[in-house]
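Order of the sequence lines sets the chain letters (A, B, ...), proteins ahead of strands, with each chain counted from 1. Everything numeric here is computed off the predicted structure, so don't read it as measured data.
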There are 2 protein chains.
Amino acid sequence: MNVQFRKMKPLKSYQHVVDEIQTAICEGNLKEGETLPSEMKLKEMFDTSRGTIREALRVLEQRGLVSIRTGVNGGARVQGASAKPMTDSVAILIRQQRVTLSHLAEFRKMMEGHISEQAAKKADMGDIQKLMAILRDAAAHIQTKPSGWTEFHKMDAEFHRTLAEIAENPLLEANLTAVHSNIQIYFHQYLPWSEALLHDNFKDLCGIAAAVEQRDPATARRMAEEHVAKFNALMEKNLE
Amino acid sequence: MNVQFRKMKPLKSYQHVVDEIQTAICEGNLKEGETLPSEMKLKEMFDTSRGTIREALRVLEQRGLVSIRTGVNGGARVQGASAKPMTDSVAILIRQQRVTLSHLAEFRKMMEGHISEQAAKKADMGDIQKLMAILRDAAAHIQTKPSGWTEFHKMDAEFHRTLAEIAENPLLEANLTAVHSNIQIYFHQYLPWSEALLHDNFKDLCGIAAAVEQRDPATARRMAEEHVAKFNALMEKNLE
DNA sequence: ATCATTAAACTGTCCTACAGTTTGATTGTA
DNA sequence: TACAATCAAACTGTAGGACAGTTTAATGAT
């Protein structure tokens with residue numbers, strides 16, 4: 001006996017529907033943006049009941065593979081890459097209090113360091129111009145009025161996401177997005193945002209971008225790690 | 001206008017049920033292992049239809065918060081921490097061919113390096129004894145007959161998981177589990193397993209354990225990274 | 001032309017009924 | 001008494017029908 005047999009269990013029919021559609025999406029037979037047939041038609045195609053189809057669609061929706069809209073021309077639209085399921089699972093770990101801010105920050109520091117290092121190794125002219133464009137955009141939103149701050153934070157997130165894109169690892173990109181979305185709540189709650197802090201943040205980004213531009217992986221990593229560590233220390237201080 | 005208002009959309013009722021139960025689980029009002037009321041009772045408690053309850057349960061099941069069994073005394077049991085949703089989302093990225101073996105390996109190398117480093121900093125006597133016990137167990141399964149190899153691989157995974165546990169970051173632990181489960185298919189398919197390779201693997205683990213025991217974070221990190229890199233190189237070679 | 005109205009195509013919810021699955025109790029048998 | 005087979009009960013899984021709610025696009029009035 002070198003093999004382990006799996007217990008023979010008749011597949012639940014909604015699971016069959018899930019598998020079938022998920023495969024079609026992953027193989028590319030259903031492309032991003034395309035709309036699946038209506039529940040009525042699917043019900044006939046799979047020869048099941050509408051309830052079964054709906055349970056299957058709920059599962060696919062949870063997995064971020066489709067998004068469902070009501071009304072005419074509504075239905076299940078195929079979604080492209082989505083970090084949603086990952087973001088959700090991290091969120092649950094946090095709500096269960098298994099994962100704390102320190103855990104998030106440690107994980108983020110590790111990733112941002114690695115990403116910046118890789119980006120410094122792989123970035124081409126176009127990539128660097130993208131980064132610079134984001135920085136210019138961000139600079140425009142540093143102002144005394146808090147009304148522009150939200151925009152700045154968006155640019156900040158975009159900068160980090162672009163670095164991950166340059167590092168060319170979608171797995172890192174998805175995880176970074178998940179961590180960012182979840183850490184954001186803490187950002188707004190525990191950081192004493194001011195024009196000065198915005199400037200500080202901006203300067204850090206410029207430093208990382210410069211290191212990437214000069215193809216200096218070690219510096220890029222160090223600066224990214226320090227950036228994350230600095231802001232986390234600030235938060236931990238205000239957390240008490 | 002400093003705030004962004006969200007569009008007023010009446011919450012779908014299955015979503016309400018999901019939120020309610022998820023909150024109860026996360027707050028600890030529903031404890032691990034506990035069984036939720038039957039669909040009939042839930043239907044009455046929430047004053048909805050059974051279909052709605054079932055859609056909600058499908059969502060909770062997808063999120064790894066409950067597992068559902070049929071038959072008497074069946075129903076939805078509250079699950080403890082589960083890396084399932086994370087494993088699933090990684091699996092989807094792979095099936096969509098957005099994430100390759102190289103991506104997985106890079107991510108794994110980063111994590112294993114970091115984890116071993118942290119473990120070397122944080123391990124106490126008990127932790128080190130745990131590691132040694134696993135290694136002893138693993139050694140017993142290195143044999144010429146391939147029948148014991150499956151056991152060895154289990155021990156190998158357990159060793160890495162324990163390191164993550166020692167590093168005290170559940171987020172890293174969950175991600176490592178997700179990557180491991182997904183990379184395993186490649187392991188069996190593209191690695192030329194033999195007694196010699198098993199020994200090689202085993203020796204790497206011993207090296208990491210020794211570095212952790214001697215509280216040598218730098219060495220622990222280096223050895224873990226080399227270990228992952230070595231086996232990945234082997235796979236990449238056989239992938240062509 | 002532009003705006004309000006309406007019809008159509010969908011998803012969301014509720015109901016009822018019955019089939020399939022698992023467990024624990026009950027009954028029959030050595 | 002022990003133990004196996006049988007059965008009933010408590011569940012989830014599936015089917016089908018009805019109607020309410022939502023969104024888009026065509027239609028019509030001004």
Nucleotide nearest K41(B) when distance is taken to its side chain, options dT23(D), dC11(D), dT13(C):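 Among the listed nucleotides, the one closest to the side chain of K41(B) is dC11(D).
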
Separation of dG12(C) C1' from H16(B) NE2 (nearest whole Å):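 Interatomic distance, NE2 of H16(B) to C1' of dG12(C): 16 Å.
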
side-chain N/O T70(B) vs dT21(C) OP1/OP2, d < 4.0 Å: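 No, outside the criterion.
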
Value in whole Å for how far the C1' atom of dG12(C) lies from CG of L57(A):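 In whole Å, dG12(C) C1' and L57(A) CG are 13 Å from each other.
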
Sugar-phosphate only, base, or nothing, as touched by G51(B) at under 4.0 Å among non-hydrogen atoms: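 If one applies the 4.0 Å heavy-atom cut-off, G51(B) turns out to touch nothing in the nucleic acid.
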
Given dC10(C), dC14(C), dT14(D), the nucleotide with the shortest approach to the side chain of S13(A):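 Closest nucleotide to the S13(A) side chain: dT14(D).
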
Interatomic distance, F46(A) CZ vs dA15(D) P [rounded to whole Å]: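 Answer to the nearest Å: 12 Å.
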
Heavy-atom pair of closest approach, residues E168(A) and H103(B):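 Scanning both residues completely, I find the closest heavy atoms to be O-NE2, 3.1 Å.
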
Nearest-neighbour nucleotide for the R54(B) side chain, dC15(C), dG13(D), dG12(C) considered: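 Shortest atom-to-atom distance from the side chain points to dG13(D).
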
Salt-bridge criterion met for E61(A) and R58(A) (N-O under 4.0 Å):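 Between R58(A) and E61(A) there is a salt bridge, with a charged N closer than 4.0 Å to a carboxylate O.
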
Spacing between K43(B) atom NZ and dC15(C) atom P, to the nearest angstrom: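 It works out to 5 Å between those atoms.
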
From dC11(D), dT24(D), dT13(C), nucleotide with atom closest to V72(A) side chain: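 The answer is dT24(D), which lies nearest to the side chain.
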
Any R58(A) side-chain nitrogen or oxygen under 4.0 Å from OP1 or OP2 of dG12(C):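 Yes, because at least one side-chain N or O of R58(A) sits under 4.0 Å from OP1 or OP2 of dG12(C).
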
Phosphate OP1/OP2 of dC15(C) contacted by R50(B) side-chain N/O (<4.0 Å):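 For dC15(C), OP1/OP2 do not have a side-chain N/O of R50(B) under 4.0 Å.
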
Nucleotide of dG24(C), dG13(D), dT13(C) approaching K12(A) most closely (side-chain heavy atoms):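 Among the listed nucleotides, the one closest to the side chain of K12(A) is dG13(D).
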
Side chain of E39(A) - closest among dT11(C), dC11(D), dT14(D):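 Among dT11(C), dC11(D), dT14(D), the one nearest the side chain of E39(A) is dT11(C).
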
salt_bridge(R77(B), E34(B)) N-O dist < 4.0 Å: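 Salt bridge absent between R77(B) and E34(B).
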
Between dC10(C) (P) and L36(A) (CG): distance, integer Å: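 Nearest whole value for this atom pair: 13 Å.
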
For atom CD1 of I68(A) and atom P of dT22(D), their distance in whole Å: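 Distance check: I68(A) CD1 to dT22(D) P gives 17 Å.
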
Side-chain N,O (T52(B)) to OP1/OP2 (dC14(C)) below 4.0 Å: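 T52(B) to dC14(C) OP1/OP2: side-chain N or O found under 4.0 Å.
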
Between dT23(C) (P) and N73(B) (CG): distance, integer Å: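 After rounding, the reported distance stands at 8 Å.
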
Pair E158(A) + K154(A): basic N to acidic O under 4.0 Å: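 Judged by the 4.0 Å cut-off on N to carboxylate O distance, E158(A) and K154(A) do not form a salt bridge.
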
Under 4.0 angstrom between S49(A) side-chain N/O and dG16(D) OP1 or OP2: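 Indeed not, no polar side-chain atom of S49(A) lies that close.
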
Atom pair distance, as rounded to whole Å: CD1 in I53(A) and C1' in dC10(C):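 Taking CD1 of I53(A) and C1' of dC10(C), I get 15 Å after rounding.
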
Partner of H153(A) under ring pair (Phe, Tyr, Trp, His ring centres under 6.0 Å), chosen from F202(A), W193(A), F231(A), F159(A):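 Checked F202(A), W193(A), F231(A), F159(A) against H153(A); only one passes ring pair (Phe, Tyr, Trp, His ring centres under 6.0 Å): W193(A).
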
